[in-house]
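Any value given below was found using the heavy atoms of this structure, including those in side chains, with hydrogens, waters and symmetry copies removed. Keep in mind that this is a model prediction, so the values were computed, not measured. Naming: A, B, ... by sequence-line order, numbering from 1 per chain.
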Number of protein chains: 2
Amino acid sequence: MSGDFDLGAFLPYRLNRAAELVSLRFAAQYKAKYRMTRPEWRALAALGFHGRMTATEIGAHSTMHKTKVSRAVKALEIRRWLRRIEDKNDRRTEHLELTALGLHSYRDLAKMAQDYEEELACLLGASGLKQLERGLTALEDAMLSGTEDPNSQSKPIAKHSER
Amino acid sequence: MSGDFDLGAFLPYRLNRAAELVSLRFAAQYKAKYRMTRPEWRALAALGFHGRMTATEIGAHSTMHKTKVSRAVKALEIRRWLRRIEDKNDRRTEHLELTALGLHSYRDLAKMAQDYEEELACLLGASGLKQLERGLTALEDAMLSGTEDPNSQSKPIAKHSER
DNA sequence: TCTTGATAGTTGCAAAATCAACCGTTACGA
DNA sequence: TCGTAACGGTTGATTTTGCAACTATCAAGA
């Protein structure tokens, strides 16, 4: 059978698998505790970490499609975890900012995240962790500067024919 | 703002981002050429690489939920890329096998995958690639032997309350 | 042989992701 | 200052996903 292509070694395959393995476990935690979706957690994290930012910026940072961001923001707004602040110079954009309530939740979630990170680091071991991190850094640099636009994700890079 | 939690360094975050960056680009290629979904490509790849196997086995290898596998298999069957072969000893299981047509497509896709892999390797550089691979290996080992069941993905590990 | 429980795989339904089209706004060249 | 194109963000429709419940089969013991 098999030619000389090794599926088990194929990078996209491995990365997806790894990402799923790692984030599913964490997702289970915040889902259980706060009933929030992944986009919501991501948006919250971005805002909590960076402070006030726009929806577009959130999308760029977290590699989420703008509709995902839009709905996540709406959900967080309904929970009263964030508020929208209009821009005086440009009425299209809105700046987003966590409320006290949102910040409180963010801190709790961030704590959970840190704990999880420690758990992972422990499982991985110092050297494994370091290699993974370096490898990821290399990849990020390569992909972003590599060939195309740095912000990405409005268009998934190569978009051709079809549908 | 930000406490001492560094979102940009959070492993699940980075991994997801990296996985998306890397596989979206490749997905665009086979989507454009064959109009196939990711589960379909994965199932095809598993079958092409390993030869005849059951749906459950595909799920185990590619970390896909069994319903995903089921639907992907159906789609591939409709394209006449695979056939089902019944097991004489156990009528519950079915062995899956690529047709000549399926094999042909697989070879083409595998070629594309290899090319892409080379491109990635080139972008990443030898050392970056090696580190990433080692890191991923460490992570796979850690996650799978780590705490829970090795096959995973029928149950995403921790399943608690709720809906 | 019957019962109980596991296993392989499928399907219905509800939640989530994607896509395209859209609205209001701004930027900018003719 | 108009007109066109681009931008930020939202919405509705369609597609995919994930979960639960289901069918059919097998296994093993009473």
K.L.:
Does R91(A) or P39(A) map to a spot on DNA chain C nearer the 5' end, using the closest nucleotide for each?
P.N.:
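Going by which nucleotide is closer to the 5' end, it is P39(A).
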K.L.:
To the nearest Å, give me how far apart CG (N89(B)) and P (dA24(D)) are.
P.N.:
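Atom-to-atom, N89(B) to dA24(D), this comes out as 21 Å.
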K.L.:
Is there a side-chain contact between L47(A) and M53(A) in this structure, where contact means two heavy atoms from C-beta onward sitting under 4.5 Å apart?
P.N.:
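Yes, side chains in contact.
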K.L.:
Could you state the CD-P distance from E86(B) to dC26(D), rounded to the nearest angstrom?
P.N.:
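Distance check: E86(B) CD to dC26(D) P gives 10 Å.
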K.L.:
For a quick check, with a 4.0 angstrom heavy-atom cut-off, what is the B/S/- contact string for nucleotides 3-10 of chain D, read 5' to 3'?
P.N.:
----BSBB
K.L.:
What is the separation between atom CG on L24(B) and atom P on dT18(C), rounded to the nearest whole Å?
P.N.:
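Result: 8 Å.
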K.L.:
Distance check needed: dT17(D) C1' versus E40(B) CD, whole Å only.
P.N.:
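Going from E40(B) (CD) to dT17(D) (C1'), I get 14 Å.
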K.L.:
For W41(B), is the NZ or CZ atom of R38(B) found under 6.0 angstrom from the centre of its six-membered ring and inside 45 degrees of the ring axis?
P.N.:
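No, R38(B) does not lie over the aromatic ring of W41(B).
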K.L.:
Are R79(B) and E40(B) close enough for a salt bridge, meaning some N to O gap below 4.0 Å?
P.N.:
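Yes.
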K.L.:
Provide, to the nearest angstrom, the distance between the CE atom belonging to M64(A) and the P atom belonging to dA16(C).
P.N.:
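Computing the M64(A):CE to dA16(C):P distance gives 14 Å.
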K.L.:
Distance-only, no hydrogens or angles: does the S62(A) side chain make a donor-acceptor pair with backbone N or O of R42(A) under 3.5 Å?
P.N.:
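Here the side-chain-to-backbone pair does not exist.
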K.L.:
With sequence neighbours excluded, what pairs up with K33(A) under the side chain to side chain contact (heavy atoms under 4.5 Å, CB included) test?
P.N.:
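For K33(A) the side chain to side chain contact (heavy atoms under 4.5 Å, CB included) partners, ignoring immediate neighbours, are D108(A), M112(A).
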K.L.:
Which whole-number value in Å describes the distance from H65(B) NE2 to dA15(C) P?
P.N.:
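Taking NE2 of H65(B) and P of dA15(C), I get 17 Å after rounding.
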K.L.:
So, does R52(A) use its side chain to make a donor-acceptor pair with the main chain of L96(A) at under 3.5 Å?
P.N.:
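No; judged by distance alone, with no hydrogens or angles, the pair does not exist.
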K.L.:
Could you tell me how far apart R38(B) (CZ) and dA16(C) (P) are, to the nearest whole angstrom?
P.N.:
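My rounded result for the distance is 19 Å.
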K.L.:
Would one find a side-chain N or O of K68(B) under 4.0 angstrom from OP1 or OP2 of dT16(D)?
P.N.:
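K68(B) to dT16(D) OP1/OP2: no side-chain N or O under 4.0 Å.
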K.L.:
Round to a whole Å and report the spacing from CG of L82(B) to C1' of dG9(C).
P.N.:
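Taking CG of L82(B) and C1' of dG9(C), I get 14 Å after rounding.
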